[in-house]
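Throughout, a chain's letter reflects where its sequence line sits, starting with A, and its residues are numbered from 1. What you see below is based on every heavy atom in this structure, not just the backbone, and it leaves out hydrogens, waters and symmetry mates.
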There are 2 protein chains.
Amino acid sequence: MVNPHTILKSHKLRITDCRLDIIQEFLDRQVALAHSDLEEKLKSNFDRVTIYRTLNTFLEQDIIHKVLDDSGATKYALCSHEDEHDHDHEHVHFKCEVCGDTSCLEDISLPGVKLPKGYKKREMSLLVTGICPKCS
Amino acid sequence: MVNPHTILKSHKLRITDCRLDIIQEFLDRQVALAHSDLEEKLKSNFDRVTIYRTLNTFLEQDIIHKVLDDSGATKYALCSHEDEHDHDHEHVHFKCEVCGDTSCLEDISLPGVKLPKGYKKREMSLLVTGICPKCS
DNA sequence: GTACGTGCAAACAATTTGCATAGAG
DNA sequence: CTCTATGCAAATTGTTTGCACGTAC
């Protein structure tokens, strides 16, 4: 069961309103969010700096991960919670050119990529841009 | 033949020292460069703003492309020059966790990815992180 | 000579840091 | 009560814009 309180608990983080609200926002929106998205929604409740710090805390705890974005803005999305220790190291994201939303495609498996000799792979992330079902 | 002068010519851009030097730097380094990398190397010769504007000009002309990076910094790399009109829309980049360098793996082909129903793909880019031959 | 590139100043945006206080456990 | 999270101010860094001048062509 995924709820903000549980997530914080399982990572041994203190339960605070800001943290709960930010996780809730990720759960509600289901797309990658930038700091600015969160700020817009929560600025009346929390300081901009607190949001930055919360995001960094969540990053360290692998509660969220960075989502690559061609726009230069740093975006974040919740990590899939199933694999607690063995974080999933393959991210496939889709960014719609029309609505601008980026979402994780969890169920897509990344085909193996053969690297040139000498390269050691640790993590892969694929960003596909195009048009999402809602916008086509 | 790839040289700075030729590249500018073929894109009908004016030949200026700043543009020549920046292209040369990309050719010399063979890794993705951020504005700060170029600034560090060229600040005695050119203004910070000029470097920003040159990078944007090159982007528009498809002389360089953005390289996705998990560090948040915007990095750029030369486009492969073979396909003039039909720009390559599949980028595979490798970022070494040790030296931090990101390079294009031109010869790797990106395996096809099957998207869920309704998604239309236009462009794909893959970032692999790990350890490069130099650092292992 | 004309149009575009550059330098400089300044505005603007994104992110980080220091410190005092408030709040979680 | 103790330790950490938050708010506020300010510093730092990344990026864009306006304008006057210089230069490629």
Side-chain angles (χ1 to χ4, degrees), chain A residues 3-26 32-61 63-76 100 102, chain B residues 3-25 32-61 63-77 100 102:
Chain A
N3 78 64
H5 198 282
T6 313
I7 293 175
L8 291 179
K9 272 287 186 198
S10 72
H11 287 270
K12 305 198 196 328
L13 290 177
R14 293 194 173 176
I15 316 295
T16 70
D17 290 347
C18 183
R19 289 172 177 174
L20 290 171
D21 285 10
I22 288 181
I23 295 178
Q24 190 61 56
E25 188 64 11
F26 276 112
L33 301 175
H35 175 274
S36 57
D37 298 319
L38 294 165
E39 187 187 344
E40 200 175 319
K41 189 74 183 287
L42 304 172
K43 77 174 136 216
S44 46
N45 305 317
F46 309 104
D47 194 84
R48 195 151 78 270
V49 175
T50 303
I51 299 176
Y52 274 114
R53 284 195 270 228
T54 303
L55 288 172
N56 285 330
T57 303
F58 286 178
L59 265 188
E60 286 165 18
Q61 296 286 330
I63 293 175
I64 59 178
H65 59 273
K66 283 197 185 185
V67 173
L68 298 180
D69 190 287
D70 50 358
S71 77
T74 310
K75 294 186 175 185
Y76 307 88
T102 303
Chain B
N3 78 65
H5 199 281
T6 313
I7 292 175
L8 291 178
K9 273 285 186 198
S10 71
H11 287 270
K12 306 198 195 328
L13 290 176
R14 293 195 175 176
I15 316 295
T16 69
D17 289 348
C18 182
R19 289 173 177 173
L20 291 171
D21 285 10
I22 288 181
I23 295 179
Q24 190 60 56
E25 188 64 12
L33 300 176
H35 175 273
S36 56
D37 298 319
L38 293 165
E39 188 187 343
E40 199 175 320
K41 190 74 182 288
L42 303 172
K43 77 175 138 217
S44 46
N45 305 318
F46 309 105
D47 194 85
R48 193 151 83 272
V49 175
T50 302
I51 300 176
Y52 274 114
R53 285 196 270 228
T54 303
L55 288 172
N56 286 330
T57 302
F58 287 178
L59 264 189
E60 286 166 18
Q61 297 286 330
I63 294 175
I64 59 177
H65 60 271
K66 283 197 184 184
V67 174
L68 298 180
D69 190 287
D70 50 359
S71 77
T74 311
K75 293 186 174 183
Y76 307 88
T102 304

Practice task
For Asn3(A), enumerate each residue passing the side chain to side chain donor-acceptor pair (under 3.5 Å) test, keeping only those at least two apart in sequence or located in another chain.
Solution key: Thr6(A)
Handout entry: Divergence of helical axes at both termini of the helix from dG1(C)-dC25(D) to dG25(C)-dC1(D) - five pairs an end, 10° steps
Key = 40°
Practice task
For Glu39(A), enumerate each residue passing the side chain to side chain donor-acceptor pair (under 3.5 Å) test, keeping only those at least two apart in sequence or located in another chain.
Solution key: none
Exercise for the section: Sort and list the pairs that fulfil ring-ring contact (aromatic ring centres under 6.0 Å, His included) and have at least one residue in residues 38-59 of chain A, not counting sequence neighbours. Expected result: His35(A)-Tyr52(A)
Exercise for the section: Using atom CD of Glu60(B) as one end and atom P of dC4(C) as the other, report the distance to the nearest whole Å. Expected result: 13 Å
Exercise for the section: Assign each of Asp17(A) and Arg14(A) to its nearest nucleotide of DNA chain D by heavy atoms, then name whichever residue's nucleotide is nearer the 5' end. Expected result: Arg14(A)
Problem - Residues in salt bridge (Lys or Arg N to Asp or Glu O under 4.0 Å) contact with Glu40(B), at least two apart in sequence or another chain - result: none
Practice task
Using whole Å, report how far CZ of Arg19(B) lies from P of dC4(C).
Solution key: 11 Å
Practice task
Mind checking the CG-CG spacing from Asp21(B) to Leu42(B)? Nearest 0.5 Å is all I need.
Solution key: 6.0 Å
Handout entry: Ser36(B): partners by side chain to side chain donor-acceptor pair (under 3.5 Å), with sequence neighbours left out
Key = none
Exercise for the section: Please identify each residue that fulfils salt bridge (Lys or Arg N to Asp or Glu O under 4.0 Å) with Asp70(A), with sequence neighbours left out. Expected result: Lys95(A)
Exercise for the section: Sugar-phosphate means primed atoms, P, OP1 and OP2; the rest is base. With that split, encode nucleotides 10-17 of chain C 5' to 3' as B, S or - using protein heavy atoms under 4.0 Å. Expected result: ----SBBB
Practice task
Select base, sugar-phosphate, or nothing to describe what Thr54(A) touches, counting heavy atoms under 4.0 Å on all strands.
Solution key: sugar-phosphate
Exercise for the section: Can you sort out the partners of Lys66(B) under side chain to side chain donor-acceptor pair (under 3.5 Å), two or more places apart, ordered by chain and number? Expected result: none
Practice task
Grab the CZ-P distance between Phe46(B) and dT6(C) for me, whole Å please.
Solution key: 8 Å
Practice task
Provide, to the nearest angstrom, the distance between the CG atom belonging to Asp47(A) and the P atom belonging to dG18(C).
Solution key: 17 Å
Fill in the blank from the handout: At a 4.0 Å cut-off to heavy atoms of chain B, the contacted part of DNA chain D spans dG14(D) to dC25(D)
Handout entry: Whole-Å distance separating the CD1 atom of Ile22(B) from the P atom of dG5(C)
Key = 13 Å
Fill in the blank from the handout: From NZ of Lys12(B) across to C1' of dC4(C) the rounded distance in Å is 17 Å
Problem - Pairwise side-chain contact, Ile22(A) with Ile64(A), heavy-atom cut-off 4.5 Å (strictly under) - result: no
Completion exercise
Heavy-atom nearest pair, Lys75(A) first then Gly100(A), reads NZ-O, 3.4 Å
Exercise for the section: Indicate, with a heavy-atom threshold strictly under 4.0 Å, whether Asn45(B) touches base, sugar-phosphate, or nothing. Expected result: sugar-phosphate
Practice task
Apply side-chain contact (heavy atoms from CB on, under 4.5 Å) to Asn56(A) and list each qualifying residue two or more places apart in sequence or on a separate chain.
Solution key: Leu59(A)
